[in-house]
Enquirer: 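Submitted below is the structure of interest, expressed as structure tokens.
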Amino acid sequence: MTPPVVTRFAPSPTGFLHIGGARTALFNWLYAKKHGGKMLLRIEDTDRERSTEPAIAAILDGLSWLGITWDGDTVHQFSRAARHREVAEQLLAAGKAYRCYATAEELTRMREAARAEGRSNLYDGSWRERDTAEAPPGVKPTIRLKAPLSGETVIEDQVQGRVVWQNENLDDLVLLRGDGNPTYMLAVVVDDHDMGVTHVIRGDDHLINAARQKQIYDALGWELPSMSHIPLIHGPDGSKLSKRHGALGVDAYRAMGYLPAALRNYLVRLGWSHGDQEIFSTQEMIDAFDLSAIGRSAARFDFAKLENLNGHYIRQADDQSLLTMLEELLRHIPHGLEIAAKLNDTTRAQLLQAMPGLKERAKTLLELLDNAGFIIADRPLTIEPKALAVLTPATRQLIGQLHDALESVTPWSSETTEAAMRAFAEQNGLKLGAVAQPLRVALTGRTTSPGIFDVLAVLGPQECLSRLADQAQR
RNA sequence: GCUCCCUUCGUCUAGCGGUUAGGACGUCGCCCUCUCACGGCGAAAACAGGAGUUCGAUUCUCCUAGGGAGCGCCA
């Protein structure tokens, strides 16, 4: 019988939840869901200087927004320091670790010497066998792992394959600092073990740590969890993802009007594929997800593809949930509250009525909101420069005629107004476009909009006739 | 410098010894059309380079080049 799958997401709360972390969390979540297991959340806050409460809140908020849930209580690593110390002492008692009294200056010298000689193991292991009686006064010792001096450390990684290190290249890592606090390396091993983690899925910047952690597992006689190191996400230019490209918090993606479903879909396809399938519902992702299908090379972040996917999910969303998402978004964007103040039963109904035409034209909620501007705009409309060019004396005169032609239309609908405008165009030997564009400019202040007869219908006769009169020239 | 990882269209990728090297985004063209979109059709576009192994390499091995990660008493 195979043990139940337990994965974990273990961010260090030194900033927002960035896109790479979001993908790591997603992969852990998918794997757990697929195998009916659990995903645990552990906050790696042992660095007291850099860990902050707002960062923790931002990470939890980001995960929630993305729809990624975790099981059980959130573990705060710092609170487990006593347990970490206990394990270090246990290793010490078993002769698998030793006290090291090397000073910072000595360590620096060793590092320089190692580099000069082209060696990768920095610490020279001098306190391995030295008598602690020789300890210099005033130096608080660290506890180091007595790592194997020869042989190999091997990780059978589910993504990277078999990765081998020669032990002579790995030095004795510090388990417990001079101040008695555990290092990351020790804390991770102890926590993963104690939490019952069966599968470690994390960024491949941790691949080398896996070797050192394996040595700790071996010294403790614990079984190493399944390891999967997923490639990092790079910026569009192939370099490390920086703030300049896409290393934004997921909250920034929310503010840019991306849908969680779109971001999930984009992220899951970055480095992972399932044949030719591009669109995945959450359930499809869970069913199809497979560690062995994750590629080993880094992927570049491509906003154009994210936008395309986002457009897809917007088009496919139902009108009411789009309106809900839009109102939600207003709380996260500049001037959002001013717009929210204009929402009432009437404008909400208009938004809903216009939604079919709106959602086809937007790649982000921000765009959708912008395109919906004509609904909440105040008279007289601000006319965009491009639209202003349409308003020649001749078209202003035409607008006056259109106003008159529409005045008698009853009942008012997109069908009846369209019939009236087509009739008007025919009688005056005009193409429909020659009528539609001036109408569009007068009613929306822009040269592009949803279908103009839908705009007419949504705005209603009073508002339309007033806006037309505003721009007409008699 | 050292250790480890990576390398198919511009981008994300399919391919798991024999294919006209497939799909998606983006780009371009045509159609649809009241604008913009959506949608439809079509086009251009890739196996980093070099040695092997093999009847046959995009696929296996090695080397080179390029890219990345790590090299702390940070996580």
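Here is how names work: the chains are called A, B, and so on, in the same order as the sequence lines, proteins then strands, and each is numbered from 1.
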Enquirer: May I ask which nucleotide in the shown strands pairs with B:C60, Watson-Crick or G-U wobble, both distances under 3.5 Å?
Expert: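 The base-pairing partner of B:C60, which may sit in any strand shown, is B:G52.
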
Enquirer: In whole Å, measure the gap between the P atoms of B:A14 and B:A48 for me.
Expert: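 Going atom to atom, P in each nucleotide, I get 14 Å.
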
Enquirer: Base, sugar-phosphate alone, or nothing: which one does A:Ser51 contact when heavy atoms must sit under 4.0 Å apart?
Expert: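 Answer is nothing: A:Ser51 stays at 4.0 Å or more from every strand.
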
Enquirer: May I have the distance from A:Leu309 (atom CG) to B:C12 (atom P), rounded to whole angstrom?
Expert: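 Rounding to the nearest Å, CG of A:Leu309 and P of B:C12 are 15 Å apart.
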
Enquirer: Touch check for A:Gly295, heavy atoms < 4.0 angstrom, all strands: base, sugar-phosphate only, or nothing?
Expert: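 It contacts nothing in the nucleic acid.
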
Enquirer: Looking across every strand, which nucleic acid part, if any, lies under 4.0 Å from A:Pro11 by heavy atom: base, sugar-phosphate, or nothing?
Expert: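 No contact.
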
Enquirer: Mapping A:Glu117 and A:Asp454 to their closest nucleotides on RNA chain B, which lands nearer the 5' end?
Expert: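 Looking at RNA chain B, the more 5' nearest nucleotide goes with A:Glu117.
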
Enquirer: Rounding to the closest angstrom, what is the interatomic distance between B:C2 and B:U20 at atom P?
Expert: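 Each nucleotide's P atom is 45 Å from the other's.
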
Enquirer: For residues 366-374 of chain A, tabulate all N or O donor-acceptor pairs below 3.5 Å that involve a side-chain atom, not counting sequence neighbours.
Expert:
unit_1, atom_1, unit_2, atom_2, d
A:Glu367, OE1, A:Lys363, N, 3.3
A:Asp370, OD1, A:Arg446, NH2, 3.0
A:Asp370, OD2, A:Arg446, NH1, 3.2
A:Asn371, ND2, A:Glu367, O, 3.3

Enquirer: Touch check for A:Gly433, heavy atoms < 4.0 angstrom, all strands: base, sugar-phosphate only, or nothing?
Expert: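 Sugar-phosphate only.
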
Enquirer: Considering only B:C36, B:C73, B:G26, which nucleotide approaches the side chain of A:Ala304 most closely?
Expert: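 Looking only at heavy atoms from C-beta outward on A:Ala304, the closest nucleotide is B:G26.
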
Enquirer: Between the side chains of A:Asn310 and A:Thr364, is a donor N or O closer than 3.5 angstrom to an acceptor N or O?
Expert: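 Per modelled atom types, A:Asn310 and A:Thr364 side chains form no pair under 3.5 Å.
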
Enquirer: Which nucleotide, B:C12, B:U7, B:C34, lies nearest any side-chain atom of A:Ala299?
Expert: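 Looking only at heavy atoms from C-beta outward on A:Ala299, the closest nucleotide is B:C12.
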
Enquirer: Determine: side-chain N/O of A:Asn169 to OP1/OP2 of B:C4, distance under 4.0 Å, yes or no.
Expert: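 No, A:Asn169 has no side-chain N/O under 4.0 Å of OP1/OP2 on B:C4.
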
Enquirer: Walk me through it: do A:Leu309 and A:Ile279 pass the test side-chain contact (heavy atoms from CB on, under 4.5 Å)?
Expert: CA-CA 8 Å; A:Leu309 236 20; A:Ile279 305 290; 3.5 Å; yes

Enquirer: Looking across every strand, which nucleic acid part, if any, lies under 4.0 Å from A:Lys431 by heavy atom: base, sugar-phosphate, or nothing?
Expert: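 Here A:Lys431 touches no strand at all.
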
Enquirer: Does a donor on one side chain and an acceptor on the other come within less than 3.5 Å for A:Arg396 and A:Gln471?
Expert: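 Side chains of A:Arg396 and A:Gln471: pair found under 3.5 Å.
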
Enquirer: In whole angstroms, how far is the C1' atom of B:C6 from the CD1 atom of A:Ile233?
Expert: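 Spelled out: CD1 on A:Ile233 to C1' on B:C6 is 16 Å.
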
Enquirer: Assert yes or no for the condition that the ring centre distance of A:Tyr266 to A:Phe303 is strictly below 6.0 Å.
Expert: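 That pair fails the under 6.0 Å test.
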
Enquirer: What contact category does A:Arg422 fall into here, base, sugar-phosphate, or nothing, at under 4.0 angstrom with non-hydrogen atoms?
Expert: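 Sugar-phosphate only.
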
Enquirer: Which value, in whole Å, describes the distance between the C1' atoms of nucleotides B:G72 and B:C16?
Expert: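 Result for the C1' pair: 41 Å, nearest Å.
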
Enquirer: When all nucleic acid strands are considered with a 4.0 Å heavy-atom cut-off, which category describes A:Val435: base, sugar-phosphate, or nothing?
Expert: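 A:Val435: no heavy atom of the nucleic acid under 4.0 Å.
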
Enquirer: Identify whether the distance between the nearest side-chain nitrogen and carboxylate oxygen of A:Glu418 and A:Arg422 falls below 4.0 Å.
Expert: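 Yes.
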
Enquirer: Roughly how many Å is it from CZ in A:Phe303 to P in B:C12, rounded to a whole number?
Expert: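 After rounding, the gap between these two atoms is 15 Å.
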
Enquirer: Whole-Å distance between B:G1 P and A:Glu112 CD?
Expert: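 One finds 18 Å between P of B:G1 and CD of A:Glu112, rounded.
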
Enquirer: Applying a 4.0 Å non-hydrogen cut-off, can you work out what A:Ala102 is touching in the nucleic acid: base, sugar-phosphate, or nothing?
Expert: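 The residue A:Ala102 makes base contact.
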
Enquirer: Taking 4.0 Å as the cut-off, does a side-chain nitrogen or oxygen of A:Thr46 come that near to OP1 or OP2 on B:A75?
Expert: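 Checking B:A75 against A:Thr46, a side-chain N or O does come within under 4.0 Å of OP1 or OP2.
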
Enquirer: Take atom C1' in B:U58 and the same atom in B:C9, then report the distance between them in whole Å.
Expert: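 To the nearest whole Å, 13 Å.
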
Enquirer: Sort out the partner of B:A65 for me: Watson-Crick or G-U wobble, both distances under 3.5 Å, none otherwise.
Expert: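 Because both required distances fall under 3.5 Å, B:A65 counts as paired with B:U7.
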
Enquirer: Just to be sure I understand the rule, does A:Phe453 reach a base, reach only the sugar-phosphate, or reach nothing, if contact means heavy atoms closer than 4.0 Å?
Expert: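 The residue A:Phe453 makes base contact.
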
Enquirer: B:C38 phosphate, OP1 or OP2: any side-chain N/O from A:Lys363 under 4.0 angstrom?
Expert: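 Affirmative; the distance criterion is met.
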
Enquirer: Taking atom P in both B:G15 and B:C73, what distance in whole Å separates the two?
Expert: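 To the nearest whole Å, 43 Å.
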
Enquirer: Establish, from distance only, whether the side-chain atoms of A:Arg212 and A:Gln215 form a donor-acceptor pair under 3.5 Å.
Expert: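 Looking only at side-chain atoms, A:Gln215 and A:Arg212 do not form any donor-acceptor pair under 3.5 Å.
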
Enquirer: Would you indicate which nucleotide in B:C12, B:U7, B:A75 comes nearest to any side-chain atom of A:Arg269?
Expert: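 Per side-chain heavy atoms of A:Arg269, the pick is B:C12.
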
Enquirer: Among B:A75, B:A14, B:G39, which is the nearest nucleotide to the side chain of A:Ser273?
Expert: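 Shortest atom-to-atom distance from the side chain points to B:A14.
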
Enquirer: Starting the side chain at C-beta, find the nucleotide from B:A75, B:C5, B:C34 nearest to A:Thr183.
Expert: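 Closest nucleotide among those given: B:A75.
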
Enquirer: Walk along nucleotides 65-72 of chain B from 5' to 3' and tag each nucleotide B, S or - by protein heavy-atom contact under 4.0 Å, base first, then sugar-phosphate.
Expert: ---SBSBS

Enquirer: With C1' as the reference atom in both, quote the distance from B:C32 to B:G39 in angstrom, rounded to an integer.
Expert: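 Pairwise C1' distance, B:C32 against B:G39, rounds to 8 Å.
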
Enquirer: Just compare B:C36, B:C4, B:A75 and give me whichever is closest to any side-chain atom of A:Thr448.
Expert: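 Shortest atom-to-atom distance from the side chain points to B:C36.
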
Enquirer: Nearest heavy atom decides the nucleotide; on that basis, is A:Asp179 or A:Arg23 closer to the 5' end of RNA chain B?
Expert: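 Its nucleotide being nearer the 5' end, the pick is A:Arg23.
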
Enquirer: Considering only atom C1', compute the distance from B:U13 to B:A45 and round it to an integer number of Å.
Expert: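 Nearest-Å result for B:U13 against B:A45 at atom C1': 15 Å.
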
Enquirer: Work out how far the P atom of B:C12 is from that of B:C47, and round it to whole angstrom.
Expert: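 Rounded to whole Å, the distance is 16 Å.
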
Enquirer: Would you kindly check if the NZ (Lys) or CZ (Arg) of A:Arg48 is within the cone defined by 45 degrees around the ring axis of A:Phe78 and under 6.0 Å from the six-membered ring centre?
Expert: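 Yes.
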
Enquirer: Under 4.0 Å between any heavy atoms, over every strand shown, what does A:Glu360 touch: base, sugar-phosphate, or nothing? Just pick one.
Expert: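 Base contact.
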
Enquirer: Does A:Arg446 make a side-chain N or O approach to OP1 or OP2 of B:U35 shorter than 4.0 Å?
Expert: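 No, no such contact exists.
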
Enquirer: Report the nucleotide, chosen from B:C25, B:A75, B:C4, that has the shortest atom-to-atom distance to any side-chain atom of A:Asp302.
Expert: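 Nearest listed nucleotide: B:C25.
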
Enquirer: Under a plain distance cut-off of 3.5 Å, with no hydrogens placed, do A:His84 and A:Asp191 share a side-chain donor-acceptor pair?
Expert: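 Distance-only check passes for A:Asp191 and A:His84.
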
Enquirer: Whole angstroms only, please: what is the CG-C1' distance between A:Asp276 and B:C12?
Expert: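 Spelled out: CG on A:Asp276 to C1' on B:C12 is 12 Å.
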
Enquirer: Output the rounded distance in Å from CZ (A:Phe280) to P (B:G23).
Expert: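 Rounded to the whole Å, the gap is 17 Å.
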
Enquirer: What integer distance in Å separates A:Leu267:CG from B:C25:P?
Expert: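 In whole Å, B:C25 P lies 18 Å from A:Leu267 CG.
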
Enquirer: Taking the side chain of A:Arg315 as heavy atoms from C-beta outward, which of B:G39, B:C73, B:C12 is closest to it?
Expert: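 Shortest atom-to-atom distance from the side chain points to B:G39.
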
Enquirer: If you measure only the distance, is there a donor-acceptor pair under 3.5 Å linking the side chains of A:Tyr184 and A:Asn209?
Expert: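 Side-chain D/A pair, A:Tyr184 to A:Asn209: absent.
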
Enquirer: Need one value for A:Glu278: base, sugar-phosphate or nothing, where a base atom within 4.0 Å counts as base even if backbone is also close, heavy atoms only.
Expert: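 Answer is base: heavy atoms of A:Glu278 come under 4.0 Å of a base.
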
Enquirer: Begin from the C-alpha positions of A:Tyr313 and A:Tyr258 and carry the test ring pair (Phe, Tyr, Trp, His ring centres under 6.0 Å) through to its verdict.
Expert: CA-CA 9 Å; A:Tyr313 281 97; A:Tyr258 291 104; over 10 Å; no

Enquirer: Once hydrogens and angles are ignored, does a donor-acceptor distance under 3.5 Å link the base of B:U7 to the side chain of A:Arg296?
Expert: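 Such a pair does not exist between side chain and base.
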
Enquirer: Whole Å only: how far is the CZ atom of A:Arg264 from the P atom of B:C12?
Expert: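 Answer to the nearest Å: 23 Å.
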
Enquirer: Categorize A:Ile452 for me: base, sugar-phosphate, or nothing, with a 4.0 angstrom heavy-atom threshold over every strand shown.
Expert: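 The answer is base, as A:Ile452 lies within the cut-off (heavy atoms under 4.0 Å) of a base atom.
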
Enquirer: With hydrogens left out and only the distance checked, is there a donor-acceptor pair under 3.5 Å joining A:Lys305's side chain and the base of B:A24?
Expert: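 Flag set: donor-acceptor pair detected.
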
Enquirer: Are side-chain heavy atoms of A:Ile399 and A:His403 found at a separation under 4.5 Å?
Expert: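 Heavy-atom side-chain distance check fails, nothing below 4.5 Å.
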
